[in-house]
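Hydrogens, waters and symmetry mates play no part in the numbers below; they use all other heavy atoms, side chains included. Residue numbers begin at 1 in each chain, while the letters A, B, ... track the order of the sequences.
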Amino acid sequence: MLEGALVITGPTASGKSALALALAQQVDIEIISADSAQVYRGMNIGTAKPSAGVLADVPHHLIDIRDPVEPYSAADFRQDLLTLVPDIQRRDRLPVIVGGTMLYLKALKNGLADLPAADQAVREEISVQAASHGWSSVHRELQGIDPDAARRIQPTDTQRLQRALEVYRLTGSTLTELHRRSTTPCPFPLTEIGILPDDRKKLHQVIEDRFLDMLDKGFVEEVAALKSKPENHKGLPALRAVGYRQIWSYLEGRTDYDSMVQEGIVATRQLAKRQYTWLRSWEGLVTQKSADLAEVLKIVSRGSISK
RNA sequence: GGCUGGGUGGCAGAGUGGUCAUGCAGCGGUCUGCAACACCGUUUACGCCGGUUCGAUUCCGACCCCAGCCU
């Protein structure tokens, strides 16, 4: 039996989940979702979350563990995996990590530096500053504090800019300095399989079909339900997910239905493209052009990858 | 048949006698607590045929196509 954990990743709509479920028919596994959107309750159709039936059949983790107002993060994911994987192994099952949120997988694989968690108050402070003086002034400030980070981070990349400054204000140390200290990589071995369809046109078609299918299944109603809750707002990471953001905007009357559909499909294609970018340079990745259960079974029983 | 306006990259849409429109899409890339995020880079044009010109997408003429108006 394979040591450590098996990872099945790939761009959206490449068939990761189906492959994992097929594997579950043959091997005693528990699935850990590596998906930044499936963690949220009430987000089912648009995240292609496994059905209740499937969830009852095969043990799944990290699905429906947050409300949309409670942001989840790569650090949370890594922390959760560090306890989940050994737990599953103690049950004599193979942990299978399935998902396409590459930052989460990277945080697990390479570890994270010892940085402070997000701090809403500090972020707010920086946002206010940016609102009155502009992000370029924030960038200039960072230049004085951490020139290396300022060089890496574009003045327009407001999110990372804010983070770099946040870390400094919280710790008094620069992001660059903290990154230099070693991070702890994953304590258990990872065997990583990536499904990378080589026919992009075909994947685009699958993406379009799937998005239309989600709409048929009530995606708009799902977003409307989320929108009707007063605590939810469109700035939440959860609600900026592909499809949710576009439908929310449509529900606000900002676009017509057809444009919304187009925008949703486009956003999904772009997500897939970014995932390819991560995966092309992923070290140690065993790639498949399409889901290949037989090969996965070989890898699992062999206990190692020889390729 | 006549008159007028127009034909610009996959789409939208400016403009100019010789240098880059731009936006979107597509493609490539970056990525350390928002990552399905945020951001960076980038390919493809001037309806057709002639003429004027050192040089035409831009000026002139014919033709084709589209829209509107007239007969």
A:Gln262 CD - B:C11 C1' separation (whole Å): 11 Å

Only pairs with both distances under 3.5 Å count, Watson-Crick or wobble alike; so what is the partner of B:A67 in this structure? B:U4

May I ask you to verify if any side-chain N or O of A:Ser36 is less than 4.0 angstrom from the OP1 or OP2 atom of B:A35? no

With a 4.0 Å cut-off on heavy atoms, is A:Ala118 in touch with a base, just the backbone sugar-phosphate, or nothing at all? sugar-phosphate

Quickly work out the A:Trp248 CH2 to B:A36 P distance and round it to whole Å. 19 Å

Whole-Å distance, A:Arg274 CZ to B:G28 C1', equals 14 Å

Rounded to whole Å, OH of A:Tyr72 lies from C1' of B:C37 at a distance of 17 Å

Distance-only side-chain donor-acceptor flag, A:Asp258 / A:Tyr250, under 3.5 Å: no

Between B:U58 and B:G15 - P atom distance, rounded Å: 16 Å

Look only at the side chain of A:Ser259 and the backbone of A:Thr255, and say whether a donor-acceptor pair between them is shorter than 3.5 Å. no

Check every strand shown and say whether A:Gly100 touches a base, only sugar-phosphate, or nothing at a heavy-atom separation below 4.0 Å. sugar-phosphate

Round to the nearest Å and state the distance from A:Lys273 atom NZ to B:G29 atom P. 8 Å

Separation between CD (A:Gln25) and CG (A:Leu297), nearest 0.5 Å, reads 11.5 Å

How about A:His60 and A:Glu30: does a side-chain donor come under 3.5 Å of a side-chain acceptor? no

Side-chain N,O (A:Thr156) to OP1/OP2 (B:C40) below 4.0 Å: yes

Partner of B:G23 under the Watson-Crick or G-U wobble criteria, both distances under 3.5 Å, comes out as B:C11

Pick base, sugar-phosphate or nothing for A:Arg181, based on heavy-atom distances below 4.0 Å to the nucleic acid. nothing

Any-strand Watson-Crick or G-U partner of B:A62, both distances under 3.5 Å: none

Determine whether a donor-acceptor pair (one donor, one acceptor, N or O, separation below 3.5 Å) exists between the side chain of A:Gln120 and the base of B:C34. no

Using Watson-Crick or G-U wobble geometry with both distances below 3.5 Å, tell me the partner of B:A35, or none. none

Once you round it to whole Å, what is the distance between P of B:A35 and CD of A:Gln270? 18 Å

May I ask you to say what A:Gln162 touches in the nucleic acid, namely base, sugar-phosphate or nothing, with a heavy-atom cut-off under 4.0 Å? base

Does A:Arg163 make a side-chain N or O approach to OP1 or OP2 of B:C37 shorter than 4.0 Å? no

Whole angstrom is fine here: how far is it from CZ in A:Phe77 over to C1' in B:G33? 14 Å

Strictly below 4.0 Å: does A:Arg200 bring a side-chain N or O up to OP1 or OP2 of B:G28? yes

No-H, no-angle donor-acceptor pair, A:Arg240 side chain to B:A36 base, under 3.5 Å: no

Does B:G28 have OP1 or OP2 under 4.0 Å away from a side-chain N or O of A:Thr277? no

Atom pair CG (A:Leu190) and OG1 (A:Thr9), whose distance is rounded to the nearest 0.5 Å: 11.5 Å

When you measure from the side-chain N and O atoms of A:Arg123 to the phosphate of B:G33, is any distance below 4.0 Å, counting only OP1 and OP2? no

Nearest-angstrom distance from the residue atom CG of A:Asn232 to C1' of B:C34: 15 Å

A:Arg210 and A:Thr12: side-chain donor and acceptor closer than 3.5 Å? yes

Identify whether any heavy atom of A:Asn110 sits under 4.0 Å from a base atom; if not, whether one sits that close to sugar-phosphate; answer base, sugar-phosphate or nothing. nothing

Going through the distances and angles, do A:Glu70 and A:Arg41 end up as a salt bridge (charged side-chain N to carboxylate O under 4.0 Å, His left out)? CA-CA 10 Å; A:Glu70 318 165 309; A:Arg41 288 183 279 269; 3.8 Å; yes

Checking base pairs now: Watson-Crick or wobble, both atom distances under 3.5 Å. What partners B:G28? B:C40

Counting the atoms with a prime plus P, OP1 and OP2 as sugar-phosphate, which does A:Gln275 contact under 4.0 Å by heavy atoms, base, sugar-phosphate, or nothing? nothing

Respond yes when some side-chain nitrogen or oxygen of A:His204 is under 4.0 Å from OP1 or OP2 of B:G10, and no when none is. no

Donor-acceptor pair under 3.5 Å: do we get one between A:Arg160's side chain and the base of B:A35? yes

Tell me the partner of B:C54, counting only Watson-Crick (N1-N3 plus N6-O4 or O6-N4) or G-U wobble (N1-O2 and O6-N3) with both under 3.5 Å; none if nothing fits. B:G18

Compare the minimum distances between each of B:G26, B:G33, B:A35 and the side chain of A:Trp278, then state the nucleotide with the smallest one. B:A35

State whether A:Arg245 places a side-chain N or O below 4.0 Å from either non-bridging phosphate oxygen (OP1 or OP2) of B:A38. yes

Please determine whether side-chain hydrogen bond (donor to acceptor under 3.5 Å, both in side chains) holds for the pair A:Thr176 and A:Asp146, giving the CA-CA distance in whole Å, both sets of side-chain angles, and the decisive distance to 0.1 Å. CA-CA 7 Å; A:Thr176 303; A:Asp146 185 352; 2.7 Å; yes

How would you label the contact of A:Thr268 with the nucleic acid (heavy atoms, under 4.0 Å): base, sugar-phosphate, or nothing? nothing

